[in-house]
There are 2 protein chains.
Amino acid sequence: MSKQQAPLPVVDLNADAPCCPPLAQRRVPAETAVVLAPAFKALGDPVRLQLMSMIASAEDGEACVCDLTPAFDLTGPTISHHLKTLREAGLVDAERRGTWVYYRARPQILRQLAALLSIEPVAAAKA
Amino acid sequence: MSKQQAPLPVVDLNADAPCCPPLAQRRVPAETAVVLAPAFKALGDPVRLQLMSMIASAEDGEACVCDLTPAFDLTGPTISHHLKTLREAGLVDAERRGTWVYYRARPQILRQLAALLSIEPVAAAKA
DNA sequence: TGTCTGATTCGACGGACGTCAAGACAGGCG
DNA sequence: CGCCTGTCTTGACGTCCGTCGAATCAGACA
């Protein structure tokens, strides 16, 4: 079953999920933790964190694997493996155009993760 | 000499680090990725994500291990191990007071991680 | 059509991780 | 003092992860 860039069985936090009241505001329920943790885990590797950043900060919002790979002292298959991990975590999307494959960040889930980690900047400075 | 809750050799992102221009704004340098990735990795486990949330959202800003442990179907040592992981990632702080040990979240690093993931640099400034 | 380049998948290896049981340590109390 | 409760450490076990080389798949081009 070669479904290269096919929509992998991804966590569907991108759908309608209003899933993210700040972690420090209300206790995260187990089901939410199970769904969200893989996304953090995917970012828990230096190579993937850089890949994610390179993709998200790319000029046209997308980055070619051919630009990503030479940025590391790693083999092609290894980079491909990391990209797959990011894809399965729902952090990026891939699309093949001709010879090259382009990756694109999914802002929604990034926003959700950021919201989860956000700390009230408000006057919560109460003892 | 048992230095149980002594300040472990933790990543020092808490110090003066202005370390976090959004991931999608500028490419994260390798050194930054190496320092930050462990924090995400620590949050990459459902149990630790819940622990982090329980600690950060606790009433008085701190949570007792005796309250944390019974919330999971895991043994004491396992919870202790996860808490140590969070401690080494610089996400929480521990303090022993009498019989019990209390854990407290470190808002600074949470803010940094949230900032790293933030997509919109726009209206976020005020709030 | 054949072949070449780019990207992914497969199979394997070493190391790290999550979990537990058993033991060790710290502090309170009889 | 001795014991009890609470927490952490140690050692072990099975599983997952990061990496590679080799094989495979997808398009482009002659």
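Chain letters run A, B, ... following the sequence lines, proteins first, then strands; residues in each count from 1.
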Hey, are Arg87(A) and Tyr103(A) close enough side-chain-wise for a donor-acceptor pair under 3.5 Å?
-> yes
Measure from NE2 on His81(B) to C1' on dG11(D) and round the result to the nearest Å.
-> 14 Å
Taking the side chain of Val101(A) as its heavy atoms from C-beta onward, which of dT7(D), dA26(D), dT8(C) lies nearest to it?
-> dT8(C)
Among dT7(D), dT9(C), dG6(C), which nucleotide sits nearest the side chain of Lys84(A)?
-> dT9(C)
Between Phe72(B) (CZ) and dC20(C) (C1'), how many Å, whole number?
-> 17 Å
Between C1' of dT9(D) and CD1 of Ile79(B), the distance in whole Å | 16 Å
Tabulate below the donor-acceptor pairs under 3.5 Å that side-chain atoms of residues 35-42 of chain B make, not counting sequence neighbours, or state none.
none

Of Trp100(B) and Lys41(B), whose closest DNA chain D nucleotide lies nearer the 5' terminus?
-> Trp100(B)
Under 4.0 Å from any atom of DNA chain C, heavy atoms only: list the residues of residues 43-51 of chain B that qualify, in numerical order.
-> Asp45(B), Arg48(B)
Cys66(A) side-chain proximity, nearest of dA21(C), dG21(D), dA7(C) = dA7(C)
Which heavy-atom pair separates Ala33(A) from Pro46(B) by the least distance, and what is that distance?
-> CB-O, 3.6 Å
Taking only the side-chain nitrogens and oxygens of Thr99(A), find out if one of them lies under 4.0 Å from OP1 or OP2 of dA28(D).
-> no
Leu83(A) and its side-chain contact (heavy atoms from CB on, under 4.5 Å) partner, picked from Val47(A), Ile55(A), Val101(A) = Ile55(A)
Is it the case that Arg97(A) places NZ or CZ above or below the six-membered ring of Tyr102(A), under 6.0 angstrom from the centre and within 45 degrees of the axis?
-> yes
Between dA7(C), dT8(C), dC20(D), which one does the side chain of Thr78(A) approach most closely?
-> dC20(D)
Length of the CD-P vector between Glu95(A) and dG27(D), whole Å = 12 Å
Identify the two heavy atoms, one from Gly76(B) and one from Thr69(B), that lie closest to each other, and give their separation to 0.1 Å.
-> CA-CG2, 4.1 Å
Just call it for His82(B): base, sugar-phosphate, or nothing, with non-hydrogen atoms closer than 4.0 Å on any strand.
-> sugar-phosphate
When all nucleic acid strands are considered with a 4.0 Å heavy-atom cut-off, which category describes Gly76(B): base, sugar-phosphate, or nothing?
-> nothing
How would you label the contact of Leu74(A) with the nucleic acid (heavy atoms, under 4.0 Å): base, sugar-phosphate, or nothing?
-> sugar-phosphate
Whole angstrom value for the distance that separates P of dG6(C) from CG of Leu83(A) | 16 Å
Answer yes or no: is there an ion pair linking Asp93(B) with Arg104(B), defined by an N-O contact shorter than 4.0 Å?
-> no
Whole-Å distance separating the CZ atom of Arg97(A) from the C1' atom of dG6(C) | 15 Å
In whole angstroms, the gap separating P of dT7(D) from CG of Leu68(B) amounts to 10 Å
Examine dT7(D): is either OP1 or OP2 under 4.0 Å from a nitrogen or oxygen in the side chain of Tyr102(B)? Give yes or no.
-> no
Considering all heavy atoms, the nearest Ile119(B)-Ala24(B) contact | CD1-CB, 4.2 Å
Considering only side-chain heavy atoms of Tyr103(B), which listed nucleotide, dG18(C), dT8(C), dC8(D), is closest?
-> dC8(D)
